[in-house]
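Residue numbers begin at 1 in each chain, while the letters A, B, ... track the order of the sequences.
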Protein chains: 2
Amino acid sequence: MQQLFQHLNGFYKLSQEALAALEASFEELILPKGAFLVTHGNVCRHMYFLQKGALRGFYNLEGKEITHWFGFENDFITSFHSFITGEPAVENLQLLEGSILYSISKEKLTGLFNRHHEIERLVRIVYEKYYIRLEERYVNAQFKTATERYEALLKNTPHIIERVSLGYISSYLGISQETLSRIRSRL
Amino acid sequence: MQQLFQHLNGFYKLSQEALAALEASFEELILPKGAFLVTHGNVCRHMYFLQKGALRGFYNLEGKEITHWFGFENDFITSFHSFITGEPAVENLQLLEGSILYSISKEKLTGLFNRHHEIERLVRIVYEKYYIRLEERYVNAQFKTATERYEALLKNTPHIIERVSLGYISSYLGISQETLSRIRSRL
DNA sequence: TTTGCAATTTGACTATTGTCAAAAGCAATA
DNA sequence: TATTGCTTTTGACAATAGTCAAATTGCAAA
């Protein structure tokens with residue numbers, strides 16, 4: 001739990017009381033490679049913190065799996081759409097490695113918001129940061145060529161390339177595996 | 001101001017006190033077509049609510065203007081990256097039509113957060129909703145073809161096509177103007 | 001080591017999109 | 001009505017990326 005708290009501290013410094021309340025609300029979760037946190041069609045009622053491990057988010061499009069997201073150490077993870085709206089998730093979240101996570105239900109989180117203004121502030125700040133990050137990914141996706149996107153991945157998140165198979169990465173980059181293979185051979 | 005309050009009400013219902021505090025903090029802004037809310041290289045210290053009008057966000061890439069965003073009635077507008085981090089904006093925000101806006105400084109907003117937990121809650125909820133919206137745009141950008149992206153635009157936000165010139169729209173879709181013109185002639 | 005399977009690369013060809021240049025359409029205005 | 005400037009369309013060709021199939025590589029189980 002120390003790792004989670006330290007990470008939270010990077011967003012906003014909480015009081016001892018708030019930290020104690022959080023500590024009582026998170027549950028540790030140890031899951032094997034291949035396990036699913038969220039599956040398509042089901043409502044996702046939890047927010048996860050990934051302490052150790054890796055996972056991918058993917059959905060099905062015309063029979064093919066589209067990987068749209070990777071999560072690693074110190075990421076907050078959920079099907080945001082489902083968690084926020086309460087509607088069934090359109091995507092799946094699956095562990096790529098055996099992982100250690102901490103989970104909190106939406107219900108408990110809402111309760112914490114009511115009792116601790118500062119926890120809601122922390123989450124507001126986390127959303128801000130995640131928003132900016134997503135905006136950057138969006139600009140990358142929309143306005144860069146396949147080669148530029150791969151180069152950005154090499155530069156900004158090389159750990160993805162080291163820990164994830166090419167098939168998933170090419171899907172994540174929105175290009176075919178063959179094209180990615182050719183890009184790599186050219187660089 | 002009524003329109004802003006009604007819009008906020010759709011996210012979270014504020015008390016009379018909080019509304020009064022907001023009312024005292026927002027400033028009306030009437031600007032002509034072509035005016036800039038934010039320019040590249042300058043820190044954006046305000047959040048805007050667009051009551052009437054339209055605008056685009058764009059940045060320069062290798063001499064070309066890339067339009068990455070449009071704002072219309074009832075949108076919250078800022079250079080999120082700059083507003084949140086305090087760093088200089090990389091993009092410009094320019095009015096496409098004469099517009100009526102309400103503006104609040106980051107400083108005032110932070111003060112409101114401290115005095116009114118419920119205002120911070122409202123903003124947290126707005127961020128959630130904007131996050132989901134951006135996530136959808138991201139998936140569209142990364143995994144759909146040019147034709148599909150244009151069709152999605154027609155279906156989800158037809159007002160954009162009615163009010164914005166093709167040159168901006170093609171840039172927004174991440175395709176050349178000629179390709180967009182050909183897509184339109186084929187449909 | 002060898003075998004078997006999955007991941008990755010390569011080849012040949014097709015489809016999509018981009019680029020540059022020219023033409024057509026449209027609207028304000030002199 | 002003619003002129004001007006801007007937006008949109010069209011044509012010809014080049015570049016980029018996708019698809020399908022086959023070869024190669026890498027790695028783990030036997």
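Within the 3.5 Å criterion, the main-chain N or O of B/Leu55 finds no donor-acceptor partner in the side chain of B/Glu97.
Between its opening and closing five pairs, the helix from C/dT1-D/dA30 to C/dA30-D/dT1 changes axis direction by 30°, a value rounded to 10 degrees.
Remark: C1' of D/dA17 and CD of B/Gln142 are 14 Å apart, rounded to the nearest angstrom. A/Leu173 places its CG atom 13 Å from the P atom of C/dT8, with the value rounded to the nearest Å. Regarding A/Leu180, its CG atom lies at a distance of 12 Å from the C1' atom of C/dA7, rounded to whole Å. For the pair A/Ile169 CD1 and C/dA7 C1', the computed distance is 12 Å after rounding to whole Å.
Distances shown here put every side-chain N or O of A/Ser176 at or beyond 4.0 Å from the OP1 or OP2 atom of D/dA17. Between B/Thr179 and C/dG18 there is a side-chain N or O to OP1 or OP2 distance below 4.0 Å. Between A/Arg184 and C/dT9 there is a side-chain polar atom (N or O) within less than 4.0 angstrom of OP1 or OP2.
In this structure, A/Lys129 is not positioned above the aromatic face of A/Phe11 in the sense of NZ or CZ being under 6.0 Å from the six-membered ring centre and within 45° of the axis.
Nearest nucleotide to the A/Glu178 side chain, out of D/dG11, C/dT10, C/dT8: C/dT10. When the nucleotides C/dT19, C/dA12, D/dT8 are ranked by their closest atom to the side chain of B/Gln177, D/dT8 comes out on top. Checked against D/dT9, C/dT9, C/dG11, the side chain of B/Ser181 finds its nearest nucleotide in D/dT9.
Shown here is B/Gln16, whose CD atom has no more than 12 heavy atoms of other residues, nucleotides or ligands within 6.0 Å.
A salt bridge links A/Glu65 to A/Arg56: at least one charged side-chain nitrogen sits closer than 4.0 Å to a carboxylate oxygen. Checked for salt-bridge contact, A/Arg124 and B/Glu120 meet the test: a charged N lies under 4.0 Å from a carboxylate O. Taking 4.0 Å as the cut-off between side-chain N and carboxylate O, B/Lys52 and B/Glu73 count as a salt-bridged pair.
Side-chain atoms of B/Arg182 come within donor-acceptor range of the base of D/dG11, with a qualifying N/O pair under 3.5 Å.
The shortest non-hydrogen separation linking A/Met1 to A/Tyr102 is N-OH, 3.2 Å.
Of the two residues near DNA chain D, B/Tyr168 and A/Thr147, the one whose nearest nucleotide lies more 5' is B/Tyr168.
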